[in-house]
2 protein chains.
Amino acid sequence: MSPRTEPTVPKAHAKAATLRKSAPVFAALGDPTRLRLLGALCAGGAMSITQLTAGSAITRQAVTRHLDILAGAGLVSDVRQGRERLWQFEPTRLHEARRSLEAIGQQWDQALQRLRTAVER
Amino acid sequence: MSPRTEPTVPKAHAKAATLRKSAPVFAALGDPTRLRLLGALCAGGAMSITQLTAGSAITRQAVTRHLDILAGAGLVSDVRQGRERLWQFEPTRLHEARRSLEAIGQQWDQALQRLRTAVER
DNA sequence: GAATCATGCAACCTCGCAGTTGCATTTATC
DNA sequence: GATAAATGCAACTGCGAGGTTGCATGATTC
């Protein structure tokens with residue numbers, strides 16, 4: 001076998017798997033209310049449910065459900081402190097999702113370049 | 001007026017607006033079937049509806065609906081060619097969405113750093 | 001320990017999404 | 001021009017998401 005394996009094509013299977021894995025993250029990001037909550041947590045640090053409900057037009061229970069969905073996607077986490085429950089931003093999954101989008105873009109660029117070389121010759 | 005305006009703080013309002021604008025893009029990306037379609041279009045170039053339906057377990061009409069949703073988010077576009085309708089990937093909105101995620105991450109990093117300096121003094 | 005604040009739990013409603021089936025329409029092909 | 005292929009259009013079903021109201025529970029504070 002050749003001493004160096006070919007790293008030029010990083011396996012389309014793995015890319016597709018990573019992409020499919022981040023589908024729930026995108027689904028969680030696909031709601032304006034949840035994006036607003038995420039932005040608030042990201043800018044203001046840890047906040048309680050009532051604090052997050054304060055500026056909104058929806059009910060505390062609705063906010064709770066949205067926070068549960070964000071937590072299910074791994075985008076936020078909660079910590080109990082006394083009688084209130086503090087929610088905080090969790091950046092890991094967001095970075096993974098961003099890398100997934102980058103991977104799609106790069107795959108697109110590669111496909112485009114292959115098409116160009118195929119047309120030229 | 002000063003010859004250079006201050007570009008250090010790019011306005012949290014603008015960030016929130018950009019973020020909210022890309023909510024439908026994330027919603028469109030939040031479905032495994034649509035991610036699969038997008039991946040196929042991205043790797044294989046322009047494809048017809050029947051071609052995209054071929055490998056799938058769902059109906060042609062369902063694929064059509066998913067493509068309409070992707071088109072509504074500006075992620076794909078269609079071109080009629082003869083009796084078939086070719087769909088192709090559209091990278092602009094995807095790049096915008098990626099930049100939105102980057103903006104969130106940077107905002108988070110800045111907030112974290114502000115918190116650290118506030119604790120230290 | 002009684003009032004109060006923050007949250008949890010559960011039932012209920014509405015609406016849109018994902019998917020289907022059936023049939024009509026346009027375009028190639030022979 | 002008849003047949004077949006690719007798509008368009010419309011109605012229907014099932015189900016889960018988003019939101020609400022009402023009441024119960026746990027933690028603070030006086």
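Every chain is numbered from 1, with letters handed out A, B, ... down the list of sequences.
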Report yes if the side chains of A:F89 and A:L94 come closer than 4.5 Å at any heavy-atom pair, otherwise no. yes
Could you state the CH2-P distance from A:W87 to C:dT7, rounded to the nearest angstrom? 11 Å
Distance in angstrom units between A:Q61 CD and C:dC13 P, rounded: 17 Å
Compare all side-chain heavy atoms of B:V76 with those of B:E90 and state whether any distance is below 4.5 angstrom. no
I need the CE-C1' distance between A:M47 and C:dA6, as an integer number of Å. 15 Å
Can you tell me if the side-chain N/O atoms of B:H66 get under 4.0 Å from OP1 or OP2 in C:dC17? no
Would you mind telling me which residue lines up with the more 5' stretch of DNA chain D, A:T59 or A:G82, judged by nearest nucleotide? A:T59
Euclidean distance, atom CZ of residue B:R80 to atom P of C:dT25 [Å, nearest integer]: 15 Å
By nearest-nucleotide position on DNA chain C, the 5'-leaning member of B:R60 and A:E84 is A:E84
Heavy atoms, side chains only, cut-off 4.5 Å: are A:L75 and A:L38 in contact? yes
Sugar-phosphate only, base, or nothing, as touched by A:T50 at under 4.0 Å among non-hydrogen atoms: sugar-phosphate
Can you tell if the side chain of A:E102 reaches within under 4.5 Å of the side chain of B:E102, non-hydrogen atoms only? yes
Does A:R85 contact C:dG8 through a side-chain donor or acceptor facing the base, at a distance under 3.5 Å? no
Rounding to a whole Å, what distance do you find between A:D78:CG and C:dT7:P? 11 Å
Should A:L86 and A:E84 count as side-chain neighbours, where that means a heavy-atom distance under 4.5 Å? yes
note: B:L37, atom CG; C:dA18, atom C1'; distance rounded to Å ~ 13 Å
Could you check if a side-chain atom of A:L41 sits within less than 4.5 angstrom of a side-chain atom of A:Q88, using non-hydrogen atoms only? no
How many whole angstroms separate atom CZ of B:R83 from atom P of C:dA24? 20 Å
Separation of C:dG16 C1' from B:D31 CG (nearest whole Å): 14 Å
Just so I know, are the side chains of A:L29 and B:L101 near enough to count as touching, which here means a heavy-atom distance under 4.5 Å? yes
Contact interval (first through last nucleotide) of DNA chain D with protein chain A, 4.0 Å heavy-atom: D:dG18 to D:dT28
